Amino acid sequence: MSAACMYPMCVRASRGLLRLRSRGTGGAGPAAAALVRALSSDRSAAGGSSATGGLAQAILQERLQQQQKAQGQPPSEEEEDAHQKHEDQGEDKKQKENTAYAKKVALRLAGIMGLGGAFGVVYIFGSNSVDEQGNKIPDEFDSDVPVIQQFKRTFKYFKDYRQMIIEPTSPKLLPDPVKEPYYQPPYTLVLELTDVLLHPEWSLATGWRFKKRPGIDYLFQQLAPLYEIVIFTAETGMTAYPLIDNIDPQGFVMYRLFRDATRYMEGHHVKDVSCLNRDTSKVIVVDCKREAFSLQPFNGMALRKWDGNSEDRTLYDLAAFLKTIAISGVEDVRTVLENYAHEDDPIEAFKRRQAQLAQEEEQRLSELTQQKKQGLSIGSIAGRFWSRTKQQ
C-alpha cells in the first residue's frame, strides 16, 4: 500500500477515534483498540515500508492511552511493561549519575587531603633545626629561596632516613678488643636469636611467647672461655633486649646488636662481618638464613630453623663443633666452614664426618694392636729359640 493511499486512512482513523471519544465511555476503548489493531494489520500487509503508517499508529496509540486514562480504564499489560521498563531505565540512569558524582567528590577530597598532607610534610621536615634555646641552626640551604629550602631539607631528611635503614649504624659495631691484663677470647661467635635460640609462638589466650631452645645454657658455658659471644639479631632492640636478659642470667653474652646494625639488602637484614671490628678469619656467624651472612658466605653456618621441638639436641652438637675448632687452634675458620657451606644441615654433616673419623681411628688402632701382638709373638718365639741355643 502506498503512502498516498495510507494518508486518507490515517485521517479517517483519527476522525473515527475522535467520534468515539465524543460518544462517551461506553465501549469506546475496545473500539479504538480494534481500530489500532486493524491499522497495524494493514501496515503489516503492506510490508511495513511506510513511515506514514507508523506515524499514524503512534498517534492512535497515544490518543488511546489518553482516552483510557480519562475514562479510568486500566492500561494493557504491554503498556504496563513498557512503562515499568521506562521507569527502571530512569532509576538505573539516576543511580549511575549518583555513583559518578560520589566518585568525583571522593577523588576531589582525596586530592585535597593529599595536597594538604604534602604541604604539611614539606613544612614540618623542611624547616630549620633548632637548638635548646629555640634558635634556628644554619645549614647549607639558607642561601636558597625559602620554598626551595623547604623542599631540599625535606629531600635530605628522607634520604638520610632511608640510608639509616639500609646501612649499619656504625662502621665499627663492636668496641676494640681488650688488651692485657684483660682476657680477649681468640674467636668471636655471632648468634641469631629468633629460630636459633628462641622460637616465637602465638596464641589467642597468651599472645606472643618465646620458647627457649634446649642446650642454651650448655652452649654458653662450654664456649664462653673460647669465644666472644655476641647476639646479633634482626629483631628490634625493644623486643630482643628483655629476651636476652631472660636466656642469659649469667652474663655470658658480651655484646648485643639489633636490627639497626644490619645492612638491608634485597629485602633481607644482612650481618656484615666486616663492620664488627674483629679479625674476619676468627668470626663465626650462626643463623638459620643464609641471606643473613651473604656478604661473607664462608663466615657463617646455616642451621635448620627450630620449630619448637623440646627433644632438639642441635645446640649440644653445635657446642661440640665450635669447641673442636677452638681447641684445634684453627688459623682461619673460613677454611673449615667452607666445607659445610653447601650442606643442608651442617651439624648433621659434622656428626657424620666425626663418626667416620672415629671409625677410621678405631680401625687404625685395631691394626696397630694386631701388629703389636704379631711382633710380640715373633719376639717370644725368637727369645725361646735363643735361650735353648744358649743352654746347649
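Counting begins at 1 with the first residue of the sequence. None of these values were measured; they are calculated from a predicted model.
In this structure, the ring of Phe321 has its center less than 6.0 angstrom from the ring center of Tyr340.
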Run the numbers on Glu361 and Arg364 for salt bridge (charged side-chain N to carboxylate O under 4.0 Å, His left out), then give the verdict. CA-CA 5 Å; Glu361 183 66 17; Arg364 188 181 67 83; 2.5 Å; yes
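Between Tyr241 and Phe258, the ring planes lie tilted relative to each other; the angle falls in the 30° to 60° range.
In this structure, a donor-acceptor pair under 3.5 Å is present between the side chains of Thr239 and Thr236.
The two residues Ala261 and Leu173 make their nearest non-hydrogen contact at O-CD1, 3.6 Å.
From Leu337, atom CG reaches atom CD of Gln296 across 12.5 Å, with rounding to the nearest 0.5 Å.
Heavy-atom neighbours of Glu360 CD from other residues, nucleotides or ligands within 6.0 Å: above the threshold of 12. Heavy atoms of other residues, nucleotides or ligands lying less than 6.0 angstrom from OH of Tyr182 number 12 at most. Counting heavy atoms of neighbouring residues, nucleotides and ligands inside a 6.0 Å radius, atom NZ of Lys282 exceeds 12 of them. Heavy atoms of other residues, nucleotides or ligands lying less than 6.0 angstrom from OH of Tyr316 number more than 12.
Remark: side-chain polar atoms of Asp312 are not paired, donor with acceptor, to backbone N or O of Pro214 under 3.5 angstrom. Judged by distance alone, the side chain of Asp248 and the main-chain N or O of Phe252 form a donor-acceptor pair under 3.5 Å. Without hydrogens or angle criteria, Lys271 side chain to Glu291 main chain gives no donor-acceptor distance under 3.5 Å.
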